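Throughout, protein chains are lettered first and strands after them, A, B, ... in sequence-line order, and every chain is numbered starting at 1. None of the values given here were measured: they were computed from a predicted structure.
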2 protein chains.
Amino acid sequence: MIDPLDVRIIELFTEQPRIGVLEASRQLNVARGTVQSRLDKLVATGVIRSFAPAVDHAALGFRVTAFAFLDIRQGARGAVAEHLDRIPEVLEAHTITGQGDLICRIVARDNDDLQRVIDDLVGDTNVVRISTVIALADVVEPRILPLVRTAEQ
Amino acid sequence: MIDPLDVRIIELFTEQPRIGVLEASRQLNVARGTVQSRLDKLVATGVIRSFAPAVDHAALGFRVTAFAFLDIRQGARGAVAEHLDRIPEVLEAHTITGQGDLICRIVARDNDDLQRVIDDLVGDTNVVRISTVIALADVVEPRILPLVRTAEQ
DNA sequence: AGAAGGCTATGCAAACTGTATAGCTTTCGC
DNA sequence: GCGAAAGCTATACAGTTTGCATAGCCTTCT
């Protein structure tokens with residue numbers, strides 16, 4: 001799937017994103033064309049999804065993160081999906097196994113604002129029930145490099 | 001906080017990350033120095049956390065995503081954090097309010113592999129109980145732009 | 001053994017970046 | 001209202017990087 005050089009390339013661009021292909025090739029002691037073709041391949045195979053800037057919602061003023069579990073009316077998934085899609089504070093949502101039908105990651109400016117967002121969520125009559133937990137501290141910061149290293153070879 | 005031009009810059013670099021400052025300035029009809037200073041400021045204020053490549057764990061062979069809720073022994077948060085940190089399949093973890101002490105996002109190659117990861121999680125004696133839900137479908141793909149737009153001005 | 005694939009090394013024109021300067025306009029505080 | 005400060009435009013230039021192409025070498029697969 002990916003080899004050690006791929007891993008090092010991903011690590012390097014994660015740690016020093018503005019580095020450029022040429023400088024990367026110098027630091028890795030490989031030819032520039034190699035880095036270029038490896039990068040191209042990583043993008044082509046979907047391993048690297050994008051080089052989009054990572055935006056910090058906290059820096060934008062949305063300091064509260066919460067997870068919401070929604071029970072929805074049977075067969076209403078599509079409608080609920082549209083509803084969720086219209087709420088910017090919903091950063092992602094998945095259907096899940098087990099009790100509850102959906103899990104959503106939501107953000108808000110503060111706890112009062114979170115109430116507004118939750119009210120917005122339950123404003124859809126297809127949402128039968130909602131339970132919410134607030135994320136307090138990041139025990140493990142969002143990361144992917146350790147996984148990349150285990151995927152090597 | 002951020003103004004419409006900042007939003008357009010973030011949008012542009014999200015949609016066409018390899019675009020470069022010069023081409024961005026052309027598309028936005030502003031001077032190159034403006035884009036450059038705006039970008040610098042967005043990075044300096046932390047709104048843009050990084051330009052790291054976004055790695056797709058599914059493309060690496062980790063096709064199953066799950067959320068695990070851990071009950072842990074009182075006062076053992078630090079120990080558990082270290083434990084979680086050593087498991088590459090734990091992509092993030094937060095302490096949360098309400099029942100349960102931690103929520104983790106974990107990935108695995110398949111359902112069997114998920115069992116292995118869960119076994120690894122419960123291998124810590126400080127983990128009293130764990131319940132897991134598997135993410136089936138992405139109802140709302142991870143996103144941030146809608147939120148960025150609402151943060152404008 | 002031959003073919004295919006991947007890496008190295010090299011070359012060149014075109015484009016981009018970093019950095020700096022000067023002028024213009026808008027905004028802000030007094 | 002006025003001066004100061006801040007932000008944007010426009011321009012300049014050297015140095016660097018990119019995109020693209022080519023040729024040789026080595027390893028792996030058939």
TODO: For A:Thr97 and B:Val133, work out which heavy atoms get closest and say how close.
DONE: O-CG1, 3.4 Å

- [ ] Applying side chain to side chain donor-acceptor pair (under 3.5 Å), run through B:Gln115 and B:Asn111 and close with a yes or a no.
- [x] CA-CA 7 Å; B:Gln115 187 60 55; B:Asn111 286 345; over 6 Å; no

- [ ] Would you jot down, in residue-number order, the residues of residues 19-31 of chain A having a non-hydrogen atom under 4.0 Å from DNA chain D?
- [x] A:Gly20, A:Val21, A:Leu22, A:Arg26

- [ ] Please confirm whether the backbone N or O of B:Arg26 pairs with a side-chain atom of B:Arg32, one donor and one acceptor, at under 3.5 Å?
- [x] no

TODO: Give the rounded distance in Å between these two atoms: CZ of A:Arg18 and C1' of D:dT18.
DONE: 14 Å

- [ ] Output yes when at least one side-chain N/O atom of B:Gln36 is less than 4.0 Å from OP1 or OP2 of C:dG18, else no.
- [x] yes

Open item on the list: I need the CG-C1' distance between A:Leu5 and C:dG6, as an integer number of Å.
Closed with: 11 Å

Open item on the list: Quick check with a 6.0 Å cut-off and a 45 degree axis cone: is A:Arg105 positioned over the face of A:Phe67's six-membered ring?
Closed with: no

- [ ] Ignoring hydrogens and angles, answer whether the base of C:dG18 and the side-chain atoms of B:Arg32 contain a donor-acceptor pair closer than 3.5 Å.
- [x] yes

Open item on the list: Within the supplied structure, the quantity of interest is the number of heavy atoms (other residues, nucleotides, ligands) at a distance under 6.0 Å from B:Arg77 CZ; does it exceed 12?
Closed with: no

- [ ] Examine D:dT9: is either OP1 or OP2 under 4.0 Å from a nitrogen or oxygen in the side chain of B:Thr34? Give yes or no.
- [x] yes

Open item on the list: From CD1 of B:Ile9 over to C1' of D:dC8, roughly how many Å is that when rounded to an integer?
Closed with: 12 Å

Task: Test item: A:Asp101 side-chain N/O and A:Ile72 main-chain N/O as donor-acceptor pair under 3.5 Å - done: yes

- [ ] Determine the contact category for A:Arg38: base if any of its heavy atoms lies under 4.0 Å from a base atom, sugar-phosphate if only primed atoms, P, OP1 or OP2 are that close, otherwise nothing.
- [x] sugar-phosphate

